[in-house]
Amino acid sequence: MKNAGVFYLSTGRCGTQWLKTALAATYPETAVVSHEPVRGAYQPKLYLRAYDKLPELLSCPEISTHLSYIRQTLQSKTYIETGWPCYPAIPLMIEQLEGRVRLVHLIRHPVHVALSLATHGVYERQDWIASSAISPFDPGVVQKDLADGWVSMGMYEKCLFWWTEVNLYALELIGLYPDIECCSVRYEDLFDQDTRTLERLSRFMNLEYAPSIEQLRVKNIDRYHRTSLPVDWELVFKYPRTVALARQCGYDFDGLSTPHLAARYFLQ
């Protein structure tokens, strides 16, 4: 079996930094693992759902160099990219790597993702993350109906938009490429020792399952630790599209606790 390039479809704040570290430590001989290797060069605001324009990305030196690196890697190892920004370029990767791509749809509860993204101020930063943060004004988004109220939406609500848009696209992409193997993984199961999620995920990536990776689950790896001002998490119910998608993905809202969320994400 030929080595494959494995790309993670996620919103971020889903354990991708941990995955990069754990997989790199467990499979140094058989896999090369990266996290956000070209950062904002994928340009999601411009290339989300712009299927006919994606070849333009090849003129970007960072992307063309990155593709060459992936091809070289696949000659001897599996290539794994866990960082979130790659999602708009997945169709280009499938084409350029001649179908030697596998997808992991990594998803987490929208309230946790949005609160976590909000603590990072993703729509107010002065770096590549802010410039890659999609909005209802971008041509490829589905939720254009939120444009009129965007200015009055808080950071948490904007991050719910982010969660919804990326996961709608992930499901759409999986449907558009039925011949590309895909594995759906929930963040909550990834860190649940009562599941065999890590074993299933390893085998999907064509890696021989190593039980030692289970021991790394207790390590919390995050480059950023921030809290934000309190916000009403129940604002999620203003957005029926988000709630419906969450439930489609197996999530409910019954177990959420305001005190627990406040202790985790808010300034005390």
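Excluded from the calculations below are hydrogen atoms, water molecules and symmetry mates; all remaining heavy atoms, backbone and side chain alike, are included.
- No side-chain N or O of Tyr27 forms a donor-acceptor pair with one of Glu208 less than 3.5 Å apart.
- Here the side chains of Val141 and Phe161 are in contact, with some heavy-atom distance below 4.5 Å.
- Across every non-hydrogen atom of Glu181 and Phe204, the tightest pair is O-CZ, 3.5 Å.
- Here CG of Leu160 is found 8.0 Å from CG of Leu235. Values are rounded to the nearest 0.5 Å.
- For the side chain to side chain contact (heavy atoms under 4.5 Å, CB included) with Cys14, the qualifying choice from Leu9, Leu106, Thr82 is Leu106, the only one to do so.
- Figure legend: cation-pi geometry between Arg102 and Phe7 absent, as NZ or CZ is not positioned both under 6.0 Å from the six-membered ring centre and within 45° of its axis.
- At a threshold of 4.0 Å, the pair Arg49-Glu165 counts as salt-bridged, since one of the basic side-chain nitrogens sits closer than that to a carboxylate oxygen.
- To the nearest 0.5 angstrom, Ile180 atom CD1 is 10.0 Å from Cys182 atom SG.
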Worked check of side chain to side chain contact (heavy atoms under 4.5 Å, CB included) between Gln248 and Leu245
CA-CA 5 Å; Gln248 178 184 339; Leu245 181 58; 3.9 Å; yes

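- Between the side chain of Lys45 and the main chain of Ser131, no donor-acceptor pair closer than 3.5 Å is present.
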Using the side chain to side chain contact (heavy atoms under 4.5 Å, CB included) rule, take Leu48 and Asp138 through it: C-alpha gap first, then chi angles, then the decisive distance, then the call.
CA-CA 8 Å; Leu48 173 60; Asp138 299 328; over 6 Å; no

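- Looking at heavy atoms from C-beta onward, Val236 lies in side-chain contact with Val243 at the 4.5 angstrom threshold.
- In this structure, the side chains of His35 and Leu19 stay at 4.5 Å or more apart for every pair of heavy atoms.
- Annotation for Phe137 and Ala147: closest pair CZ-O, 3.5 Å, computed over non-hydrogen atoms.
- Contact record, Leu57 with Ala89: CD1-CB, 4.1 Å, taken as the closest heavy-atom pair.
- Within the 3.5 Å criterion, the main-chain N or O of Pro139 finds a donor-acceptor partner in the side chain of Lys144.
- The distance from atom CG of Leu97 to atom CG of Asn3, rounded to the nearest 0.5 Å, is 12.0 Å.
- Taking the centre and axis of the six-membered ring of Tyr251, the NZ or CZ atom of Arg186 falls inside the cone set by 45° and 6.0 Å.
- There is a side-chain donor-acceptor pair under 3.5 Å between Tyr79 and Glu81.
- No side-chain donor-acceptor contact under 3.5 Å links Asp192 to the backbone of Glu188.
- Panel note: side chain Lys158, backbone Val151; no donor-acceptor pair is recorded below 3.5 Å.
- A heavy-atom distance below 4.5 Å is not found between the side chains of Leu146 and Asp148.
- Val33 and Ala24 make their closest contact through CG2-N, 3.8 Å (heavy atoms, listed as atom of the first residue, atom of the second, distance).
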Given the rule in the side chain to side chain contact (heavy atoms under 4.5 Å, CB included) test, do Ile107 and Val185 qualify, once you have shown the distances and angles that lead to the verdict?
CA-CA 6 Å; Ile107 191 168; Val185 175; over 6 Å; no

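- Heavy atoms from other residues, nucleotides or ligands lying under 6.0 Å from CD of Glu172 number more than 12.
- Ile63 CD1 to Leu92 CG: the interatomic distance, rounded to the nearest 0.5 Å, is 8.0 Å.
- Between Tyr123 and Trp150, the ring-plane angle classifies as perpendicular under the 30° and 60° cut-offs.
- A 4.5 Å side-chain heavy-atom check between Trp128 and Pro85 finds at least one atom pair inside the cut-off.
- We find the CG-CE distance between Leu201 and Met205 to be 4.0 Å, quoted to the nearest 0.5 Å.
- Proximity of Gln96 to Leu58: side-chain heavy atoms (C-beta onward) are separated by under 4.5 Å at one or more points.
- Atom CZ of Arg203 sits in a crowded spot, with more than 12 heavy atoms from other residues, nucleotides or ligands closer than 6.0 Å.
- No donor-acceptor pair closer than 3.5 Å links the side chain of Ser202 to the backbone N or O of Tyr209.
- Of the possible polar contacts, none joining the Thr65 side chain to the Glu62 backbone as a donor-acceptor pair under 3.5 Å is found.
- In this structure, Lys53 places its NZ atom where only 12 or fewer heavy-atom neighbours from other residues, nucleotides or ligands lie under 6.0 Å away.
- Taking the six-membered ring where the residue is Trp, Phe191 and Tyr187 present tilted rings, their angle falling between 30° and 60°.
- Put simply, the side chain of Ser116 never gets that close to the backbone of Val113: no donor and acceptor are under 3.5 Å apart.
- No side-chain donor from either of Thr11 and Trp84 sits under 3.5 Å from a side-chain acceptor of the other.
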Verdict with reasoning, Tyr239 to Gln143, per side-chain hydrogen bond (donor to acceptor under 3.5 Å, both in side chains)
CA-CA 10 Å; Tyr239 304 97; Gln143 303 169 89; over 6 Å; no

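- In terms of heavy-atom proximity, Leu74 sits nearest to Gly5 at CD2-N, 3.7 Å.
- Between Trp163 and Leu117 there is no side-chain heavy-atom pair separated by less than 4.5 Å.
- Contact check for Val166 versus Tyr87: side-chain heavy atoms found under the 4.5 Å cut-off.
- Using bins of under 30°, 30° to 60° and over 60° for the plane-to-plane angle, the ring pair His112/His260 lands in the perpendicular bin.
- One N or O on the side chain of Trp18 and one on the backbone of Leu216 form a donor-acceptor pair closer than 3.5 Å.
- A distance of 11.0 Å separates CG in Leu171 from CG in Leu176, rounded to the nearest 0.5 Å.
- The backbone N or O of Val111 sits less than 3.5 Å from a side-chain atom of His109, completing a donor-acceptor pair.
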When you look at Phe237 and Phe253, which way does the ring-ring contact (aromatic ring centres under 6.0 Å, His included) test go after all the steps?
CA-CA 10 Å; Phe237 295 114; Phe253 299 85; 5.2 Å; yes

Applying side chain to side chain contact (heavy atoms under 4.5 Å, CB included), run through Ile80 and Ser34 and close with a yes or a no.
CA-CA 6 Å; Ile80 303 170; Ser34 66; over 6 Å; no

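- Connection of Ile174 to Ile90 is not established within any shared hydrophobic cluster, with ILVMFWY side chains joined at heavy-atom distances below 4.5 Å, either directly or through further cluster members.
- Across Ser132 and Gly40, no two heavy atoms sit closer than the pair OG-CA, 3.6 Å.
- One finds a salt bridge joining Arg241 and Asp145 here, because a Lys/Arg side-chain nitrogen approaches an Asp/Glu carboxylate oxygen to under 4.0 Å.
- Between the Glu157 side chain and the Gly154 main chain, a donor and an acceptor come within less than 3.5 Å of each other.
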